[in-house]
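Written below as structure tokens is the structure these notes are about.
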Amino acid sequence: MRAPRRGKPPEHWSDLDAATRRQRVVEAGLPAFRAQQLSRHWYERLDDDPTGWTDLPASVREAVASQFFPRLLHPVRTLGCDDGATVKSLWRLHDGALVESVLMRYGVGRPGTRSTICISSQAGCGMACPFCATGQGGLQRNMSTAEIVEQVVAGARTLARGEAAGGPGRISNVVFMGMGEPMANYASVMQAIRTITAPEPDGLGISARGVTLSTVGLVPRIQQLTEEGIPLTLAVSLHAPDDELRDTLVPINTRHKVDEVVDAAWEYARVSRRRVSIEYALIKDINDQAWRADRLATVLKRRGDWGWVHVNLIPLNPIKREPKVNEVVYTRSREEDMAEFVRRLQARGISTTMRDTRGNDIDAACGQLAAEE
């Protein structure tokens, strides 16, 4: 679980809170009011070229660019599908590590178009879930706060410049469901969330209610999140309602069992009054049996019946590689089995949806593009 130590990325404006930005500006020999000017260009105007910021003296623009806005994400590949409504980006970090983000637009051409960006929090992942492409590659390192934030800034620029289907727009939702276990990089992730949700010009001004933070079940961090007082959505990647199977699918379950994880999630819902999302990837003949749907409903309803939870079922996007000898092959469930799983949960009064899968033709499962490089 512990990230290997590697060279830190250069400090970036997005690593700093508002007070520290003012301090850094003064230390650089500039008036403190310049800090808000820089933030307004970066987060509000989404302008990524400080050398063209004409409200700064020409003599300091190059220094501002190099000192405060070093490039952290270097584009490697960008792939689009769904008629341009889904854009997946592969980024190279300063040390060569690869991470991915996915920008998705929903309701293009209709009123109320919304845009979601799925971002990474680690290069690789140490959770070792066998059906996950990222988990198969292992953990390289934690991402810095700015490396996390800049994925959202890059997506916001793409929308503002009309480079995605549907014309210019704004990001409405941020989901921490890309590469990595967000709660294993807790401090950087929480600082990133504060910048993402800070009102402009100090941040991107995205509502905390539009942020979803995913975890495979790091109970101490869920408990810590409960005390933060930030009204985001907690998503728990459960994938099995019984310890015997979950020990295999989600190895951290050997440390934090199903009941302990669900208890922590329920407490978060009780304190925050925010409904928790239970993520459940449906895997053919592994966890998609009807009796497991019944057991999942029992596990969830045991904590209360006031609508504290929503189950988000995910048709598995299989890892594209040759299986090893005697290796279990994880693949998408049959349509009839998925339909029955939904029916069983809904019959027990559990709010349930099947996720709208995007980008199957561009290897949208997190980690697949990185694995190809």
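One-based numbering along the sequence shown.
- Partners of Arg273 according to the salt bridge (charged side-chain N to carboxylate O under 4.0 Å, His left out) rule, which considers only residues two or more places apart in sequence or in another chain, do not exist here.
- Clustering ILVMFWY residues whenever any of their side-chain heavy atoms sit less than 4.5 angstrom apart, transitively, puts Met354 in the very cluster that holds Val276.
- More than 12 heavy atoms of other residues, nucleotides or ligands lie within 6.0 Å of CZ in Arg302, so this atom counts as buried by the packing criterion.
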Would you be so kind as to tabulate the donor-acceptor pairs closer than 3.5 Å made by side chains of residues 281-289, with sequence neighbours excluded?
unit_1	atom_1	unit_2	atom_2	d
Asp285	OD1	Arg334	NH1	2.9
Asp285	OD1	Arg334	NH2	3.2
Asp285	OD2	Arg334	NH2	3.1
Asn287	OD1	Ile283	N	2.8
Asn287	ND2	His239	O	2.8
Asn287	ND2	Ala281	O	2.7
Asp288	OD1	Asp285	N	3.1
Asp288	OD2	Asp285	N	3.4
Asp288	OD2	Ser333	OG	2.8
Gln289	OE1	Arg292	NH1	3.0
Gln289	NE2	Ile286	O	3.4

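- Annotation: ring pair (Phe, Tyr, Trp, His ring centres under 6.0 Å) contacts of Tyr268 (sequence neighbours excluded): none.
- Within the model, atoms NE2 of His310 and CG of Leu300 stand 11.5 Å from one another, a figure rounded to the nearest 0.5 Å.
- Side chain of Thr78 to main chain of Ser89: no donor-acceptor pair is present (N/O by atom type, distance under 3.5 Å, no hydrogens or angles).
- Looking at Thr116 and Val175, their side chains come closer than 4.5 Å, going by heavy atoms from C-beta outward.
- Under a hydrophobic clustering in which Ile, Leu, Val, Met, Phe, Trp and Tyr are joined whenever their side-chain heavy atoms come within less than 4.5 Å, directly or via other members, Leu234 and Trp306 fall into the same cluster.
- Looking at Val64 and Leu30, their side chains come closer than 4.5 Å, going by heavy atoms from C-beta outward.
- Rounded to the nearest 0.5 Å, atoms NE2 (His94) and CZ (Arg71) are 15.5 Å apart.
- Of the possible donor and acceptor atoms, none in the side chain of Gln136 sits under 3.5 Å from a partner among the backbone N and O of Ala128.
- Looking only at side-chain heavy atoms (C-beta outward), Ser101 and Cys118 stay at 4.5 Å or farther from each other.
- In this structure, a donor-acceptor pair under 3.5 Å is present between the side chains of Glu27 and Gln23.
- Within the 3.5 Å criterion, the main-chain N or O of Leu46 finds a donor-acceptor partner in the side chain of Arg157.
- A side-chain donor-acceptor contact under 3.5 Å links Gln37 and Arg34.
- Here the side chains of Glu181 and Thr215 are in contact, with some heavy-atom distance below 4.5 Å.
- Across all their heavy atoms, Leu72 and Glu150 have their closest contact at CD1-CG, 4.3 Å.
- Here Trp91 contributes atom CH2 and Glu147 contributes atom CD; the two are 12.5 Å apart, rounded to the nearest 0.5 Å.
- Between Gln224 and Met183 there is no side-chain heavy-atom pair separated by less than 4.5 Å.
- Rounding to the nearest 0.5 Å places CD1 of Ile148 at 10.5 Å from CG of Leu73.
- In terms of heavy-atom proximity, Phe176 sits nearest to Ser121 at CD2-CB, 4.5 Å.
- Of the residues Thr134, Asn185, Asn142, the one that meets the side chain to side chain donor-acceptor pair (under 3.5 Å) test with Gln122 is Asn142.
- Between Arg170 and Leu159, the shortest heavy-atom distance links the atoms C-CD1, 3.6 Å.
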Test salt bridge (Lys or Arg N to Asp or Glu O under 4.0 Å) applied to Asp15 and Lys8, step by step: CA-CA 12 Å; Asp15 284 311; Lys8 288 185 178 181; over 6 Å; no
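- Ion pairing between Asp48 and Arg161 holds under the 4.0 Å rule for side-chain N and carboxylate O.
- Arg21 contributes a side-chain N or O that, together with a main-chain N or O of Trp13, makes up a donor-acceptor pair within less than 3.5 Å.
- The local environment of CG in Asp259 is crowded, with over 12 non-hydrogen atoms from other residues, nucleotides or ligands closer than 6.0 Å.
- Applying the 6.0 Å contact sphere to CD of Glu244 captures no more than 12 heavy atoms from other residues, nucleotides or ligands.
- Two residues are said to be in side-chain contact when any heavy atoms from C-beta on lie closer than 4.5 Å; Cys132 and Tyr330 fail this criterion.
- Summarising the geometry of Leu103 relative to Ala164, their closest heavy-atom pair is CD2-CB, 4.5 Å, with the distance given to 0.1 Å.
- Contact check for Leu225 versus Leu232: side-chain heavy atoms found under the 4.5 Å cut-off.
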Could you go through His41 and Asp55, starting from their C-alpha distance and side-chain angles, then the distance that decides it, and tell me whether this counts as side-chain contact (heavy atoms from CB on, under 4.5 Å)? CA-CA 10 Å; His41 280 293; Asp55 55 356; 2.8 Å; yes
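- Judged purely by atom type and a 3.5 angstrom limit, Arg246 uses its side chain to pair as donor or acceptor with the backbone of Leu238.
- Between the side chain of Ser120 and the main chain of Glu100, a donor-acceptor pair closer than 3.5 Å is present.
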Using the side-chain contact (heavy atoms from CB on, under 4.5 Å) rule, take Met338 and Leu313 through it: C-alpha gap first, then chi angles, then the decisive distance, then the call. CA-CA 9 Å; Met338 291 193 287; Leu313 298 173; over 6 Å; no
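- Judged purely by atom type and a 3.5 angstrom limit, Arg61 uses its side chain to pair as donor or acceptor with the backbone of Leu56.
- Separation of atoms NZ (Lys257) and CG (Asp263) is listed at 14.5 Å; rounding is to 0.5 Å.
- A donor-acceptor pair under 3.5 Å is formed between the side chain of Asp243 and the backbone N or O of Val258.
- A side-chain N or O of Arg105 and one of Ser115 form a donor-acceptor pair less than 3.5 Å apart.
- Closest approach of Ser237 and Val250 over heavy atoms only: O-CG2, 4.5 Å.
- In summary, the aromatic rings of His12 and Trp42 are positioned with their centroids under 6.0 Å apart.
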Run the salt bridge (Lys or Arg N to Asp or Glu O under 4.0 Å) test on Arg274 and Glu228 for me, step by step, so that the C-alpha distance in whole Å, both residues' side-chain angles and the decisive distance to 0.1 Å come before the verdict. CA-CA 13 Å; Arg274 296 284 294 161; Glu228 295 280 358; over 6 Å; no
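- For the residue pair Gly203 and Tyr43, the shortest heavy atom distance occurs at O-CB, 3.3 Å.
- Under the 4.5 Å side-chain contact rule for hydrophobic residues, Val328 and Leu245 share a cluster.
- Residues Trp266 and Val216 are members of one and the same hydrophobic cluster, defined by side-chain heavy-atom contacts under 4.5 angstrom among Ile, Leu, Val, Met, Phe, Trp and Tyr.
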Under the criterion side-chain contact (heavy atoms from CB on, under 4.5 Å), I'd like the reasoning laid out for Glu227 against Val271: C-alpha separation, chi angles, the key distance, then a yes or no. CA-CA 9 Å; Glu227 299 174 358; Val271 171; over 6 Å; no
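- Counting only N and O atoms by type, the side chains of Thr226 and Arg270 include no donor and acceptor under 3.5 Å apart.
- Under the 3.5 Å distance criterion, the side-chain polar atoms of Arg221 are left unmatched by any main-chain donor or acceptor of Pro182.
- When side chains are defined from C-beta on, Arg40 counts as touching Arg45, because their heavy atoms get closer than 4.5 Å.
- Atom CD1 of Ile278 is separated from atom CD1 of Ile350 by 9.5 Å, given to the nearest 0.5 angstrom.
- In this structure, Arg303 contributes its side chain and Val299 its backbone to a donor-acceptor pair below 3.5 Å.
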